[in-house]
S.K.: 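Below is one structure. I have some questions about it.
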Amino acid sequence: MTDPLRGKTAIVGAGNTNRWNAPGRNAFDQLQEAAVLALEDCGLKMSDVDGLYCALSGSGLPVLNVAERLGLSLRHADGTMVGGASFLFHLRSAMAALETGLCDVALVCYGSNQRSAGGKLASMPDPQPYEAPFGALYPMSSYALAAARHMHDYGTTREDLAHVVLAARAWAQLNPAAMLRDPLTLDEVLSARMISSPLTKADCCLVTDGGAALVLTRAERAADLKSTPVYVLGTGVAVSHRQISAMPDLTRTAAVESGRAAYRMAGVSPDEIDHVMVYDAFSICTLLFLEDLGFVPKGEAAALVREGGISPGGRLAVNTNGGGLSCNHPGMYGLFTLLECVAQLRGEGGDRQLRDAQLALAHANGGVLSSQATAILGTAATL
Amino acid sequence: MSAPDPRFDGPGPDQQWQDTLAEGAIRLQRCPACAEYQFPPAVLCRACGQVGPEFVPVAGTGHVYSLTEIHTRDGTRNVAIVQLDEGPRLMSRIEGAADGAPGIGARVSAEIRQHPDHGHFLVFTPAEEASP
């Protein structure tokens, strides 16, 4: 039976500031610019927005701050904060809110100035007394612990992780908006400075500024708008822990559950997906999510990556914007996974455009592999 | 008006953990209904939902589940996830290893430490035999 929410929500507007290093702009400036771009993209006005979804690293009351700045009159809002996956949680909530009439035009938006404001990952105060005594680097050491266990259980090597980095860079070289586009060699990646073993500086995502926004409406309204709609076929979310020590299995993320829910709602299977965006805060994430989302069996993502399987021309198109590793990562990257899916499904990918991309999967992560959210998007042909 | 539910009286679970370590004892919460151990402590058993897991003495032995070494200008320090023999895992560090930090699977044994900012907590030292 078809899920009642499948294809009922359309992404009609997309906004991306593409400003990864923008001194003089704060996080709200980035967000506002992206929101304006997203509304102009579809021809709706700010006064049409009656549902707001947002999260920012530096704001404890994001809905209030954003609504004031944009001058919104809201009937509905949701500021769920689960780290970088927040925006895919928002997307799932917005599907229900639009379909039930709680709002008619939903704006999902984000902004960050973490690079120009100091170059460190901005995170909200959220003390963890059972981890604090040990001086783990947050969040990097948590991902390093997952990587170390993955190596132990599945024989994954630092070279395998390096190939993830190289694949992301190869895609970034096709994306004029990507922050890092210089050629990169295996030796360069492997000789990067060790920070929290087994992860080096090269295994870490960028620290950038950025702003992103999506405008959502019910699918029937999308037909009247000037943009090419992209339909939300399925979503799934899951939360497994807060602290890395509480993660049930460091080599298996809750992407298994979020992915399963999204595939079920969309009525598709992994082998039907044309385009994949997974949240690569660290190189290990790409391997974990490709496995947990069912693109390869557990422990076999490294082999796929090593043989060039996710690089341009490979058998699975993954992180085609260059990812968090080479394109941008403003701290909470999730919305950018959706933006790249929209670009590919609309055929706006330029040199990196995939041929005949109809079904795209965006996967976002938050915290320290803590929250997982999956969205499957499609063109009109997939409805 | 009703009175507070007495099942939740007394210090909260985090405070009880601190108080226990301050006495020099290591006690983990175990559920009286399903016998599952858990850490960090909570007001209910996360396995079955039963209210009021009890703190019971444990040996403080376990093995390294995962480990990372953090490299700084001043050298390296390790951060480990230790799995206790009763099942729960916790973040910690491995102290006193002769040849650098031990690998995943190495047997370790707990010692209580105190820090002015962090209260009491467990660190681990290498123990004898290996475990899977």
Side-chain angles (χ1 to χ4, degrees), chain A residues 126-156 158 161 191-204 239-253 282-284 288 367-370, chain B residues 12-15 17-18 21 28 36 38-42 46-47 62-84 87-95 100-106 111-124 132:
Chain A
D126 189 38
Q128 299 299 326
Y130 293 103
E131 294 193 348
F134 307 107
L137 304 178
Y138 187 86
M140 185 177 187
S141 294
S142 296
Y143 289 87
L145 287 161
R149 186 72 201 190
H150 198 275
M151 288 178 166
H152 175 267
D153 287 1
Y154 298 107
T156 308
R158 283 196 52 222
L161 298 177
S191 59
R193 180 168 58 89
M194 183 61 72
I195 300 177
S196 189
S197 66
L199 300 182
T200 69
K201 186 169 191 308
D203 293 300
C204 300
V239 173
S240 57
H241 60 279
R242 172 66 186 94
Q243 316 169 74
I244 195 67
S245 52
M247 184 170 175
D249 175 348
L250 258 64
T251 66
R252 179 200 181 278
T253 73
F282 297 91
S283 54
I284 185 64
L288 288 170
V368 289
L369 298 169
S370 312
Chain B
D14 292 320
Q15 185 64 51
W17 169 255
Q18 280 295 315
L21 293 182
L28 277 183
E36 279 287 315
Q38 69 179 11
F39 185 85
R46 287 188 282 268
H63 69 272
V64 176
Y65 174 76
S66 192
L67 185 137
T68 180
E69 285 192 290
I70 298 165
H71 295 242
T72 69
R73 284 192 195 87
D74 307 323
T76 64
R77 64 176 188 273
N78 70 70
V79 172
I81 295 178
V82 171
Q83 180 159 347
L84 296 169
R89 296 193 197 121
L90 39 77
M91 182 175 280
S92 188
R93 63 170 174 260
I94 313 301
E95 295 186 346
I104 289 173
E111 293 183 14
I112 299 170
R113 293 279 189 278
Q114 186 185 11
H115 185 279
D117 296 334
H118 303 307
H120 290 81
F121 54 91
L122 296 180
V123 301
F124 288 81

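FYI, side chains are in, hydrogens and waters are out, and symmetry mates aren't considered; it's all heavy atoms of this structure. First the proteins, then the strands, lettered A, B, ... as listed; each starts at 1.
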S.K.: Atom CZ in Phe282(A), atom CG in Leu161(A): separation rounded to 0.5 Å?
M.R.: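 Going from CZ on Phe282(A) over to CG on Leu161(A), the span is 12.0 Å.
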
S.K.: Show the numbers, then the answer: is there a side chain to side chain contact (heavy atoms under 4.5 Å, CB included) between Ile112(B) and Leu122(B)?
M.R.: CA-CA 5 Å; Ile112(B) 299 170; Leu122(B) 296 180; 3.7 Å; yes

S.K.: Below 4.5 Å, heavy-atom pairs only: which of Arg77(B), Gln83(B), Met91(B) has the largest tally toward chain A?
M.R.: Met91(B)

S.K.: Are the side chain of Ser66(B) and the backbone N or O of Ala148(A) linked by a donor-acceptor pair below 3.5 Å?
M.R.: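 Pair absent, no side-chain N/O of Ser66(B) close to backbone of Ala148(A).
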
S.K.: Any side-chain to backbone donor/acceptor pair from Arg89(B) onto Pro248(A)? Under 3.5 Å, distance only.
M.R.: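 Yes; judged by distance alone, with no hydrogens or angles, the pair exists.
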
S.K.: Counting heavy-atom pairs under 4.5 Å to chain A, which of Asp117(B), Leu90(B), Asp14(B), Thr72(B) comes out on top?
M.R.: Asp14(B)

S.K.: Does any backbone or side-chain atom of Asp249(A) lie under 4.5 Å from a heavy atom of chain B? Answer side chain, backbone, both or neither.
M.R.: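 Both the backbone and the side chain of Asp249(A) come within 4.5 Å of chain B.
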
S.K.: Between Pro40(B), Ala80(B), Pro88(B), who has the most heavy-atom pairs with chain A when the cutoff is under 4.5 Å?
M.R.: Pro40(B)

S.K.: Go through the atoms of Met247(A) and report whether side chain, backbone, both or neither lie under 4.5 Å from a heavy atom of chain B.
M.R.: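 Contact with chain B involves the backbone of Met247(A) alone.
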
S.K.: Where does the angle between the aromatic ring planes of His150(A) and Tyr154(A) fall among parallel (under 30°), tilted (30 to 60°) and perpendicular (over 60°)?
M.R.: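 Rings of His150(A) and Tyr154(A): tilted, as their planes differ by 30° to 60°.
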
S.K.: Under 4.5 Å from any heavy atom of chain A, what part of Phe39(B) do you find: side chain, backbone, both or neither?
M.R.: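 When you check distances to chain A, only side chain atoms of Phe39(B) fall under 4.5 Å.
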
S.K.: Under 4.5 Å heavy-atom distance to chain B, tell me which part of Pro127(A) shows up: side chain, backbone, both or neither.
M.R.: neither

S.K.: Checking heavy atoms, do the side chain of Ile195(A), its backbone, both or neither come under 4.5 Å from chain B?
M.R.: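 Contact with chain B is through the backbone of Ile195(A) alone.
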
S.K.: Which atoms of Pro129(A) are under 4.5 Å from chain B, going by heavy atoms: the side chain, the backbone, both sets, or neither?
M.R.: neither

S.K.: Quick check on Leu199(A) against chain B: is it the side chain, the backbone, both or neither that has a heavy atom closer than 4.5 Å?
M.R.: neither

S.K.: With a 3.5 Å cut-off and no angle check, do the side chains of Ser141(A) and Thr68(B) form a donor-acceptor pair?
M.R.: no

S.K.: How far apart are the C-alpha atoms of Arg113(B) and Glu95(B), what are their side-chain angles, what is the distance that settles it, and do they pass the side chain to side chain contact (heavy atoms under 4.5 Å, CB included) test?
M.R.: CA-CA 11 Å; Arg113(B) 293 279 189 278; Glu95(B) 295 186 346; 2.5 Å; yes

S.K.: Out of Ala136(A), Pro198(A), Ala144(A), return the one with the most heavy atom pairs under 4.5 angstrom to chain B.
M.R.: Ala136(A)

S.K.: Can you measure from CD (Gln128(A)) to OH (Tyr138(A)) and round to the nearest 0.5 angstrom?
M.R.: 7.5 Å

